[in-house]
Structure formats: C-alpha cells, structure tokens
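A quick write-up on the structure given underneath.
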Amino acid sequence: MPPVYEPKEVEAKWYRFWEEGKFFRGEVDPSRRPFCIVMPPPNVTGELHMGHALDNTLQDVLIRWRRMQGYATLWVPGTDHAGIATQARVEAELAKEGLTRHDLGREKFLERVWQWKEKYGNTITMQLRRLGASCDWDRERFTMDEGCSRAVKEVFIRLYEEGLIYRGDYIVNWCPRCQTVISDIEVEHKETPGKLYYIRYPLAEGGFITIATTRPETMLGDTAVAVNPEDPRYRELIGKKAILPLVGRELPIIADEYVDMEFGTGALKVTPAHDPHDFEIGQRHHLPAVQVIGFDARMTEEAGERYRGLDRWEARRRVVEDLRAQGLLEKEEDIVHAVGHCYRCGEVVEPMISKQWFVRMKPLAEPAVAAVEEGRIRFIPERFTKIYLNWVKNIKDWCISRQLWWGHRIPVWHCADCGRSTAARNGLDRCPHCGSSRVEQDPDVLDTWFSSALWPFSTLGWPEVTPELKFFYPTSVLVTGRDIIFFWVARMIFMGLKFMGDVPFREVFIHGLVLDALGRKMSKSLGNGVDPLEVIESHGADSLRFMLVTGSTPGNDLRFHFERLDGARNFINKLWNASRFVLMNLDEEEALPQLDEVRLELVDRWIISRLQDVVERVTAYLEEYELGEAARLLYEFMWDEFCDWYIEMAKLRLYGADPEARRTAQVVLKSVLGTCLKLLHPFIPFVTEEIWHRLEPGSAPLIVQSWPAVEEKRKDAAAEAAVGMLQEVVRAVRHLRAEMRVPPGKRATVILVTREVDKMRLLEEHRKIVESLVAGELVLKEILLEKPVNAAHAVAAGIEIYLPLEGLIDVEKERARLHKELKELEEELSRVRRKLDNPSFLAKAPAEVVAKERAKEEELEKNRLSLEKLLSFLEGV
RNA sequence: GGGCGCGUAGCUCAGCGGGAGAGCGCUUGACUCACAUUCAAGAGGUCGCAGGUUCGAUCCCUGCCGCGCCCA
C-alpha cells in the first residue's frame, strides 16, 4: 500500500466493477421501500461543469446512503435535447461547410442533428461516470427518445383537446439572433445604461404633449398616447388627438391606469406591436398594432420609406436625429433601465406580435399551488416555498412553440382548404373536417422544457402504466439548483398533478450555484469556470465530491477555492494512511474475534461510544439534507478522534508484548474503521470501496453494505468523561513542554498531584498511555510534600501538574504566566457565579442548564485553588 | 418598487437561544517506527450597527447600513 493515495486507477477500477456488476440497478421490489430520484437531465450538447458536479454529487450521496439503508433505490439518468443549444451547435458546424440548415432542408438537417447527438451526446454521461454517479445506466433516457416523444404527444393532445392549449396572436419575446420566440422566463433582465428621450407630440388643436421613452424608434408604430386618468395635468386632453411626429398619424389620447404619473412626463406613447404593456393597453382600448420592426430586427415597410430596412439601433439614431432637427426633442436624460436579453445568446430581445402556441396556465397552476401549500411537496430549505408560490400564483400563459427544427414537433395539422387545425397522435394525411388532403403539420416545435416537465413520469414509462411507474412514482426527492425552480420544478409539479394525479416528488432539495473564488458566476464568457474533469484528474473524484459537499449549505451558493480542494484531498490521504496503519497492524494469518468477544479497555469503550454518537448524528443530518454537516462531522471524527487520539493510544498495545491486548486493539481499530468507511462511502465512494476490500477481503462490496445502526449499549458516558480527563491532562502537559521549550525528543518527568482517588486511579491505570502521549514519565502523588524548585506549573481537570526543568526557571516569568491563567480562570468563574447568583436564572432556566453551570463552577473552583497553591509555592521561592 | 439571501478570526465559511468554531494563512517547534497531502503547541473575534423580547441573544423581533441574487 503506497503512502500516498493515487485515485486514478482506483476510481476507474471500482466504477467499472460497480457498473458491470449492476450495483446501480434499480429494481421494483415491493418488499422494500422505494427511493427514487430522477436526474435533472443535462444538455446533450453539454460538458460537465461544476454545477452538474455539485448537483449530481448531492444526488449520489443520497442514493448511495439510501441504498445502504436497504431501500429499493432507483436513480434515473438521462439527457435533454436542448432545442436551441443543440440546433445552434449543428448549425455552426454546417456554417463551416458554408451551409445553412435551409440548404439541407428540414429532414436532412434533423438527420445531421441525430448524427451529431450519436457522436457527441454521450460525452456528459461519460463524465458523470467519472464523478462516481451511481445511477442506473440501463434506464438512461433522452428527452427525444421514443418513449418521451410519445409522452409529449399524449400530453399535448390531451391538453389541446381540453382546450388548455391554444394558438393565438400575442406579444412574445423574439430573439432576432436565435430566430425564435422564447418564453418569459427565458428573458434575462439586465440593468443597462440608456437614455430617456423627451419627445413633443403636437396636438391636433395646437400645443403639444411631451412623452418620455427609452425606445424612440418604436414611435413609428405608435397608435395612441396614454395618460393616467387621475392625472390633473392631462385630464383635459383625454379624448383629444395628437399628431405622431415623423409619421403624421393621428393618435388618440387615452386614459389608462397602467400609466405611472411619476415616470417621465406622465404621458406614455403606446406601441402595441413592440411592448408587452402597450400590447395590453392596446387590447383594452382596441388600438391597432403597427409592426415597425421585423423578425430580423430591421425596420419594416410600415416604418416608412426613410427608415425601412434599417437595423433597430440605427433606426433609433436616425429617429432621434430627425426629431432634433424638427425641434421636437425636448431633452434626453441618462437612465439605467432593465433591458431584456436572450438567456441563450445574450441578444436584446424584441417584443413582437406573432402567432404562437400557449398553455393556459390558470387551471394547471391552482393544484400546483395547493400541493405545496398543503405540504404534499416540501422545499428544502423552506424559504424556497415562498419563491415558488409567488411565481406560480402570478403565472402567465406559457408560450410553448419555438421556431426551430430540433425538438418535438407540434402534433397539429392545418388544412389549407377549410383552415381548420387538428391534433393527431399518429399523423394525418386527410383533413377530418373537410376531407382535403392539403394538410400540413405545424412547422414549430415545442419548448424544450415541455418535455422536461414530463421527466419524472415519462422516464418511468408513462403513458404505459408500468410496474416502475406504479412503484417509484411519486419520486422521493428532486435535487436541483435554485436557478431553475421556475423553468423546471414548477412545470414538473403541474404536469405531474395533471397527468399522474399526484405530485412528481415529495421533496425538493435546492442547492445554490458554484461561484468562482471571487464570488462570480462561472461562465464561458468570463472564462472563470473550473473544469471538474481537470479537478478529477489532479485531485480525484472523491476530493472534488468531498469539497463540494463540505463546502455547501442547503440553498446557499458556494465559492470554489483550490485550497479547499487540497484540504479534501488531504483528508482522503489521511483516511488512506489511517487505513494503511490499521492494515499494517493486523495479522493476516489470524482471524480476529468479534467486538463482543474481547475485553475492551477504557479507550476502546471511549472511541466506540464516540462512534455511536457519530453514527447517530450523521444519519440525522442526512435525513435533514444537511449533507455538509454530516461530512464535516465525519472529517472531524476521523481526523481528530480516531487518528490523533485513538490510533496513538492503541499503538502501545499494538507494539506491546501482550497478545490479548494487541488483539483487542486490532479488533477495535478494524471495527471502527469499517464503520467509518461505511459512513463515508456515500461521500467518497471510490477510496472507501478500495480500502474496504483490503480490510474485508472477500466480503460484499461496500456499496451494498448496510448502513451502520446506533448501538445504544455501546454508548458509554463514563468512558467519554474519563478519556476527556486524560486528554485534558495530556494537552496541559504538552502545552507546558512547548511553553518551556523542552525538546520533543527529550523524555521529561511530569508530576501529577491530586487527592481525588478516582482520578488518581484513572491516571495510574493509564499511566503508560499518558506517558506515551506526553513523551515523559509520570510521578503520581496525592500530596506534594516538597515544593519542586525548578518546575513549570499548570492545572488541568483539577489536577496539579509540575514539569521539573533542568536549568533554573525564570520565576518571574512563570509567576506572570500563572497569574494570567488565574485571571482568566477567575473571570470565567465569576461569570458562572453571576449566573448562579441570579434567582430568576435558577427559577426559570431548565434544571439541566443549571446543573451544568454548577458542575462548571465546581471544576473551575478546583482549578482555581490548585493554581493559587502553585502560585504560593512560587511566592515562597 | 417588491421578495430573498448574506454580513462571525487576516481569507473562505460552518454554527443560529445557555461554554465563540473549522479549514487555509500566520507564529513556534518536530522528517516521532500510517501519513511532512504530517504531528505538537500557539496568537488572532465588541459574531455589521442601534434598539427590543428573554433569567440569558452571534442565534428570535424591529429599524438602519453594506454586499449579492431573483422578480416587476
């Protein structure tokens, strides 16, 4: 066993072992309780980034833990077809050949995309394997595979037939670069500096009204001017006409409560074709919509001769120039306002009226609200409940059509003769209304999120009623980032309720984002992303996983620091070496007895008792989704208590002459280590599996070992208190040695004085252990007759400690040191006493707390007396 | 404008009603027979500010300041 753990080969070996051995397989088994997670499907085009690494590590921890607990676990992996992203990727490839998708035509283009998917689509799933994800690859799904496609069609048609899907002219967000509509939540509003232009619109009867706008180019499409009905400044103008500059159109001046009297001049130009609010005003007042910006973001015919064909930004400049020339530009102000950008490509979106498909959300949202309000779905952390509810309660209809080729094509056929539309599961070659054969399928595809919304049941076989669906639905928990609560979580909830009649998952475990060391979002454009695969190469997957888990608190973001990664690697190396130590000290030929068959010593009972506490708390933390706390607790136990104390204390017996004592130490070391491996396995599966097989050759792999249970009878408060006392003494002596610069190699004599018999006996019985830990020889006395002249002094656990030194000690310094300690002690003592002197504390605080304070007082008082005695010795010198 | 989160040791962050914690960094010492990816010892904090509730507040409530995110 090498002294430094080398993850590379170990990880590859065990992953192959697990996968080929079908240990990830999720089976329907009614004799066991189900535990199921569906993986948020990463984009097929994608490569693993830190967000995926975190998300999947958390899921894997939960799955591995539940698997060890004996649940029938299923973790369904898969990928998302990612409409825009994938299509863009393939189009870029075509562009290199000088082709566009239109050159190929729809069918050929789709063939290309499928080819591309076959070639590159498994990159990310290979990377998930590197991470150690124990998902059931035999059940891997793709949002455009046959089953998912069937589910999508079925859902669409049922919603359509119920009238919950409609097609209509509506204002939507158009991305001129992606050449498709995008939904409201795909628009990112960014604070952007701009200008607020004040423009005079002449009134038909003379004079003018000044409006303020950030988008003067859209004025060419104005069809009204609106003011607030409450606004006294404009009350008389309502119903009058204004003349649209540059165009000459007459605009009615209308009253609408939407208008903010405080903003600008309180008068608003209304462009129903290019602003969502104006669109609504237009609907309320039956205003015409004039489209002046086209789908290519250039001005249309309607914009007039002078502007037609100009790009929208150029048009803005021209319009402003022309207004200024005509003296109609009153002023411009600098302003910061929110501008909508396409979340995919960053282009400024253009609100545009077009014919699109929508899902009527109200009837679907109501049950989705109820499910969460009634607690049938629980968010962790709880605060995300509010964020979710707030969104679902204010939900607007969902625009689901996309002007793309790659995706689920809308299963509706339009008849060129009678003009009617028909939804059909299996295609259509004749119009069922008029019999015409001039039917054509709607060219649009569905929003990618439409298919992901069905993921929890489409992956389990729906619309078939499969045994998997019956057994594993509702799934147990959804683990995902807080950035896609709206995109995905909410939609799965209403789709699940609608089509399965039950929630898709019982709990939603939300985590934050992985940020760079400076707290910025990792992004391609910033180039500040850290590649998980590189990290796995350099530090191992276990280190990455451990770092991500220990660094995260539910719902909070986490910064990626390489120092923390080193820390995780060091911990794994520590575990490796502790195991190496244990293995080196086992006798291979000899079978060890069981824990019950050996006579345990105090320190054995102590570490085993401490372990019970760890088992209990780690399990409780996992139940509460406090994965970070669980991992941190294991880190501390392993490193501090097991390595730094127990192993050191066990060495004496291992290297000693008593074979029975040696065997006992071996049994305890092996047993505690084994339990630790089990507890650590969900977090760092590779290294633990590797060690396990060295520790327990021939036994079942760790991945299917059962999760440790707390053994109440192994809890031993007395042992914990006793060892706690020994530790206190050891620490005090070490402190003295360091303070007095006694070289570490030098064996020193240490005099311990106490009149308490049980402490004396304890020290007597563990003399060897203490001696080895302090590298000295103990002299135990009930009372000290002669004052040690040249000695350093300390007090711990009510025991006086003398460390005789060879040369003369600096009495002044020693006295000062003890005085300082005494002062600190007295301060604490008086704080405790103040509490105990307070009658209302005694009356109102729980008895337990009072007892604790009393015990503390007693202890402090003992130490104070001893310290004073030591000081009086020094005064006498 | 509304909502949410964060402000704790030099840095990064846990803890969140009864003794201020960790890792890194720093100081001192040690290649001690599992590990220098180590060991031992130590320094370092008015737990953002101001009120309130409580026997007791870093933790609960209110207000304020600063930073970040989401929604409009």
Side-chain angles (χ1 to χ4, degrees), chain A residues 1-5 184-185 187-189 260 262-263 276-277 338 381 383-387 389-391 394 482-483 485-486 512-513 515 517-521 539-540 543 547 550-553 555-585 626 628-629 631-633 635-636 639-640 643-644 647-648 651 654-655 669 730-745 772-775 828 831-832 834-846 848-850 852-853 855-856 859-860:
Chain A
M1 225 174 149
V4 172
Y5 173 60
D184 291 340
I185 50 177
V187 177
E188 278 180 1
H189 293 274
D260 181 356
E262 311 291 317
F263 185 81
H277 297 294
R383 66 185 142 93
F384 290 103
T385 311
K386 220 167 128 185
I387 294 173
L389 285 175
N390 187 45
W391 187 72
N394 296 302
R482 54 143 224 265
D483 49 334
I485 294 178
F486 305 146
L513 275 37
L515 309 175
L518 300 174
R520 301 170 304 182
K521 240 167 118 163
H539 287 70
S543 296
M547 179 269 186
T550 51
S552 70
T553 320
N556 287 359
D557 293 345
L558 117 107
R559 289 193 197 193
F560 193 97
H561 286 276
F562 282 93
E563 294 85 348
R564 303 214 30 242
L565 193 64
D566 290 340
R569 185 214 35 212
N570 294 355
F571 171 66
I572 285 158
N573 198 241
K574 187 73 181 174
L575 172 66
W576 178 255
N577 274 289
S579 309
R580 203 159 80 95
F581 172 81
V582 172
L583 287 162
M584 285 165 74
N585 285 288
E626 292 281 0
E629 283 297 300
R632 281 187 284 270
L633 181 62
Y635 176 101
E636 282 167 24
W639 201 312
D640 300 343
C643 292
D644 290 345
I647 285 185
E648 291 309 318
K651 277 179 180 172
L654 290 175
Y655 303 150
L669 281 167
V730 167
R731 271 191 280 258
V733 175
R734 284 172 174 175
H735 178 48
L736 269 190
R737 288 187 61 129
E739 197 94 338
M740 294 301 139
R741 315 260 159 201
V742 180
S772 77
L773 293 175
V774 304
E828 188 160 4
R831 226 182 48 208
V832 171
R834 245 197 326 274
K835 249 186 198 179
L836 289 168
D837 287 344
N838 182 348
S840 44
F841 172 73
L842 296 176
K844 292 183 182 172
E848 213 179 279
V849 174
V850 177
K852 217 167 130 190
E853 292 296 316
K856 196 194 289 173
E859 181 80 13
L860 288 169

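The structure presented is a predicted model; accordingly, all values stated were derived computationally and were not measured. Every chain is numbered from 1 and lettered A, B, ... according to where its sequence line falls, protein lines coming before strand lines.
- Judged purely by atom type and a 3.5 angstrom limit, A:N556 has no side-chain atom pairing as donor or acceptor with the backbone of A:G512.
- Comparing the same atom, P, in B:rU37 and in B:rG10 gives a spacing of 28 Å after rounding to whole Å.
- Only the C1' atoms considered, B:rG29 is 15 Å distant from B:rA43, to the nearest whole Å.
- Listed nucleotides: B:rA34, B:rC55, B:rC35. Nearest to the side chain of A:F841: B:rC55.
- Listed candidates were B:rG5, B:rG3, B:rC70. Nearest to the side chain of A:R383 is B:rG5.
- Rounded to whole Å, the separation between the C1' atoms of B:rC11 and B:rA72 comes to 37 Å.
- Closest to the A:Y655 side chain, of the nucleotides B:rC39, B:rG15, B:rC33, is B:rC33.
- Look at the C1' atom in both B:rC26 and B:rA9: the space between them is 12 Å, to the nearest Å.
- For A:R734, there are no side chain to side chain donor-acceptor pair (under 3.5 Å) partners two or more places apart in sequence or in a different chain.
- Under 4.0 angstrom from either OP1 or OP2 of B:rC39 there lies at least one side-chain N or O belonging to A:K574.
- Ranking B:rC55, B:rC35, B:rU37 by closeness to the A:R569 side chain, first place goes to B:rU37.
- Of the candidates B:rU12, B:rA34, B:rA41, B:rA41 carries the atom nearest the A:H735 side chain, counting heavy atoms from C-beta on.
- Classification of A:R834 and A:D837 as a salt-bridged pair fails, no side-chain N sitting under 4.0 Å from a carboxylate O.
- A residue-by-residue look at A:R731 and A:G519 shows that A:R731 has its nearest nucleotide of RNA chain B further toward the 5' end.
- Residue A:R580 places at least one side-chain N or O closer than 4.0 Å to OP1 or OP2 of B:rC35.
- Within 4.0 Å (heavy atoms only), A:T553 reaches sugar-phosphate atoms of the nucleic acid but no base atom.
- Residue A:N838 is in sugar-phosphate contact alone, with no base atom involved, counting any heavy-atom pair closer than 4.0 Å across all strands shown.
- In this structure, A:N556 reaches the B:rA14 phosphate: one of its side-chain N or O atoms is under 4.0 Å from OP1 or OP2.
- Comparing the P positions of B:rG44 and B:rU53 gives an interatomic distance of 35 Å, to the nearest angstrom.
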The contact string for nucleotides 19-25 of chain B, one letter per nucleotide 5' to 3', using protein heavy atoms under 4.0 Å with B, S and - for base, sugar-phosphate only and none, comes out as S---SS-

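- Checking B:rA40, B:rA41, B:rA72 against the side-chain heavy atoms of A:D644 singles out B:rA40 as nearest.
- In this structure, A:R737 contributes its side chain and A:P743 its backbone to a donor-acceptor pair below 3.5 Å.
- Side chain of A:N390 to backbone of A:K386: no donor-acceptor contact under 3.5 angstrom is found.
- Taking the side chain of A:K386 as heavy atoms from C-beta on, and the options B:rC35, B:rG3, B:rC39, the nearest nucleotide is B:rG3.
- Using a 4.0 Å cut-off between charged nitrogen and carboxylate oxygen, A:E859 and A:K856 do not count as a salt-bridge pair.
- Contact check, A:K651 against B:rA34: a side-chain N or O comes under 4.0 Å of OP1 or OP2.
- Nearest-nucleotide positions on RNA chain B for A:P846 and A:H189 put A:P846 closer to the 5' end.
- Put simply, A:H561 has no side-chain N or O that comes within less than 4.0 Å of OP1 or OP2 on B:rC11.
- With both ends at atom C1', the span from B:rA22 to B:rC69 equals 27 Å, rounded to whole Å.
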For RNA chain B, the dot-bracket notation using Watson-Crick and G-U wobble pairs below 3.5 Å, [ ] for pseudoknot-type crossings and | for other-strand pairs, is ((((((((.[[[[.)..(..]]]].(((((.......))))).....[[[[[..)....]]]]]))))))).

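- The side chain of A:E629 lies closest to B:rG15 when the candidates are B:rA41, B:rG15, B:rC69.
- Using a 4.0 Å cut-off between charged nitrogen and carboxylate oxygen, A:D557 and A:K521 do not count as a salt-bridge pair.
- Residue side chain A:E648 does not reach the base of B:rA40 through any donor-acceptor N/O pair under 3.5 Å, judged by distance alone.
- If you check every strand for non-hydrogen atoms under 4.0 Å, A:L558 touches nothing.
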